[in-house]
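The figures here come from the full heavy-atom set of this structure, side chains too, leaving out hydrogens, waters and symmetry mates. Since the model is a prediction, treat every value here as computed from it, not as a measurement.
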2 protein chains.
Amino acid sequence: MTILDRWGEGVTATIYDVARHAGVSVATVSRVLNGLKVREDLVERVRETVLRLNYTPSRTAQRMRKSTSHLWALIVPDFENAFFTRVARGVEEICQPRDTCVFIGSSDDDPEKERRYLEVALAERVGGVVITPSSDTTDLTRIVSAGIPVVVVDRAVPNGAYDTILTDNMAGGRLGAEHLLGQNLRTVACVVGPENPTSQARLEGFLSAAKASPAIDIVRIERGNNRLDGGYRAMQRIIQSEARFDAVFVTNNLMAVGIIKALGDMLPERRNDIPVVGFDLDEIPLLSGACIASINQDPHEIGRIAGERILLQQAGTPPVCSIALRPTLVATAGLGYP
Amino acid sequence: MTILDRWGEGVTATIYDVARHAGVSVATVSRVLNGLKVREDLVERVRETVLRLNYTPSRTAQRMRKSTSHLWALIVPDFENAFFTRVARGVEEICQPRDTCVFIGSSDDDPEKERRYLEVALAERVGGVVITPSSDTTDLTRIVSAGIPVVVVDRAVPNGAYDTILTDNMAGGRLGAEHLLGQNLRTVACVVGPENPTSQARLEGFLSAAKASPAIDIVRIERGNNRLDGGYRAMQRIIQSEARFDAVFVTNNLMAVGIIKALGDMLPERRNDIPVVGFDLDEIPLLSGACIASINQDPHEIGRIAGERILLQQAGTPPVCSIALRPTLVATAGLGYP
DNA sequence: TTGAAAGCGCTAACAG
DNA sequence: CTGTTAGCGCTTTCAA
């Protein structure tokens, strides 16, 4: 009974089936498949048989023999966040030509969920892990000691010797302050995210550049939860404090949406006259009439570089590189459509 | 030389290492790991050794023996599109408790790229494939004949006998028309996507319900490319035609953004007085002052159901189910924040 | 219960 | 240049 007789039963041809049908040895089939030197007529026969039997080599079996894996893991806090899907795109751009796929796990900033995904990555013996750690306690040592390349993106691991790719957030904050100074806007309210390194660096950068002369007068600093409602409520508090301000600086994109909404609700007459400077504001300017400047990261590039570092590590380069990408500032005029 | 001597060289303990260190056979280790009956003290010894050696069973090897795979494939036209990341979430919700992961491929509506991802899914012998086909020519027969469960989502495959989960787009169109009728808006311009089943069904549904009495007067139907610029240009053409209209119906979310932008640019004084009815408008109403009604699909639910159908197929249920989810309409008032 | 041993599908020596 | 064969790490008979 050959593979052809078992057709339709949910079976797949194996390399033995191909060998038998083509009248050669499995080694020859393997060689043809891997492009090694084989007599021309045998190559022909094998190729024909592969097609006829619909043979697809099992990567699972391949992985057992070779040490390389065509599967990578990407573990991010939230794959519904456009920032991370763009990172994924960047990684994909590196994988795709190498016939490699990425499985994506969303840790939802839950260390336990993240741990499970790391466990899976290890169990699958993936070819590489690209991760945005959910917290400072993320343990990558097991992955590393299994010899799996790791690249950390977007957030650094404190005193971890990993390849790290992130945005120079302090430079981003400075960029924001310089923009406001250039526009002669000197009375500014700030909305800052939770006390994590990212928010802190953005704020610090802003504060340091705000100390120009003449300096920016920071009338108020409010904290928010990096989500829409946090931005809304922070803006509410600022407005209720009756502080005078002629621009807002915010360290996160979702909070910016909440801020714009709050301005529209509470100060409708000034709604479009208060510039908002924030991070990764993307298409917001298109929809709101507000005057907006966006300090943009380049997640796609972050993903690409991460992918390239994985490849380098696979080739033996030790993971000792830390790359900080400079963000760029785009003001409304440059974003409008068309 | 044991595994402990080779530490730090990028090696992983195998089941043999555990067996040797625990002084039992590999069969016993396997049994402990799989929760079969084993003498209590041996269980203890094995457990302890597993921890000490940092042993993680290789899923690759497991997959070679068992037929089940803890890896599924999700192939979508664009994983940067929030609709599909939400589908992914839904699928993940089903996978996660079963320790299963999803690798995501973006076909970018390119049949060749899609074919490659399907090839990978086959080569990896995944446990299931959830796919939004890029075109009518998508070939799923090889996957199926390999015995891999397949669920088609969002777009149906013509005369394909696959489990299919999608939105009742015709009902969505009807919902839009009924909403406008209820608001007494009877002079409407339509912007419709490319001639694919989705756009067509949405338009047909709209047209059929528009034939109420008194009927909706459809002053113009423009086609667009389902992207932002397509919506913008379609709206431009409508405005330039000088047709009178007091509402817009649009079959796609990105085009809605373009439309709102065009209204703002070309009819600033009426910008917030022309209601726009579209699909999956999500947070757009938050940002634009426009009056908006959104006909919402439930991508998360689509993903969940797809995941469940995969499980059922794995358990032997034949794939013969086609589910059309009813969308729901939400008007601006209900979407505002907070 | 436990252990020995036969594969799962493939690659890579090693012989011929 | 081709074929035979020994594993990769695991599960699962089959005996003991």
Quiz item: Does a side-chain N-to-carboxylate-O contact under 4.0 Å join D108(B) and R89(A)?
Solution: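 Salt bridge present between D108(B) and R89(A).
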Rounded to whole angstroms, how far apart are [atom1] on [X] and [atom2] on [N]?
X	N	atom1	atom2	result
R20(B)	dC10(D)	CZ	P	13 Å
K37(B)	dT12(D)	NZ	C1'	19 Å
R63(A)	dG7(D)	CZ	C1'	18 Å
L36(B)	dT12(D)	CG	P	8 Å
H70(B)	dG9(D)	NE2	P	19 Å
L33(A)	dA12(C)	CG	P	12 Å
N34(A)	dG9(C)	CG	C1'	13 Å
D17(A)	dG9(C)	CG	C1'	10 Å

Quiz item: Under 3.5 Å, is there a donor-acceptor pair between the E93(A) and H300(A) side chains?
Solution: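 On atom types as modelled, these side chains qualify, holding a pair under 3.5 Å.
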Quiz item: Hey, are R142(A) and T56(B) close enough side-chain-wise for a donor-acceptor pair under 3.5 Å?
Solution: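 Yes - a donor-acceptor pair under 3.5 Å links their side chains.
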Verify the contact: side-chain N or O of [X] to OP1 or OP2 of [N], cut-off strictly under 4.0 Å; return yes or no.
X	N	value
T28(B)	dT2(C)	no
Q62(A)	dG9(C)	no
S58(B)	dC10(D)	no

Quiz item: Can you list, by residue number, the residues of residues 39-49 of chain B that have a non-hydrogen atom closer than 4.0 angstrom to DNA chain D?
Solution: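 Per residue number, the list is empty: none.
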Self-check item: side-chain hydrogen bond (donor to acceptor under 3.5 Å, both in side chains), paired with E114(B), selected from S135(B), S107(B), S134(B)
Solution: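 Only one option passes, and that is S134(B).
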Between protein and nucleotides 4-8 of chain C, what N or O pairs are separated by less than 3.5 Å?
residue	atom	partner	partner atom	Å
dG7(C)	N2	R65(B)	NE	3.1
dG7(C)	N2	R65(B)	NH1	2.4
dG7(C)	N3	R65(B)	NH1	2.6

Quiz item: Taking only residues two or more places apart in sequence, or in another chain, which ones meet T164(B) in a side chain to side chain donor-acceptor pair (under 3.5 Å)?
Solution: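 Counting only residues at least two positions away or on another chain, T164(B) forms no side chain to side chain donor-acceptor pair (under 3.5 Å).
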Exercise. Output the single nucleotide from dC10(D), dT11(C), dT2(D) whose closest atom is nearest the side chain of I15(B).
Key: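 For I15(B), the side-chain atoms sit closest to dC10(D).
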Exercise. Mind running side chain to side chain contact (heavy atoms under 4.5 Å, CB included) on R47(B) and L51(B) for me, showing each step along the way?
Key: CA-CA 6 Å; R47(B) 288 254 160 78; L51(B) 250 42; over 6 Å; no
Quiz item: So, does D110(A) use its side chain to make a donor-acceptor pair with the main chain of E112(A) at under 3.5 Å?
Solution: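 Side chain of D110(A) to backbone of E112(A), a donor-acceptor pair under 3.5 Å: yes, one is there.
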Quiz item: Any idea which heavy atoms bring T49(B) and R45(B) closest together, and the distance?
Solution: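 Scanning both residues completely, I find the closest heavy atoms to be OG1-O, 2.7 Å.
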Quiz item: If you measure from CG on D136(B) to CG on N159(B), what distance do you get to the nearest 0.5 Å?
Solution: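 Going from the CG atom of D136(B) to the CG atom of N159(B) covers 9.0 Å.
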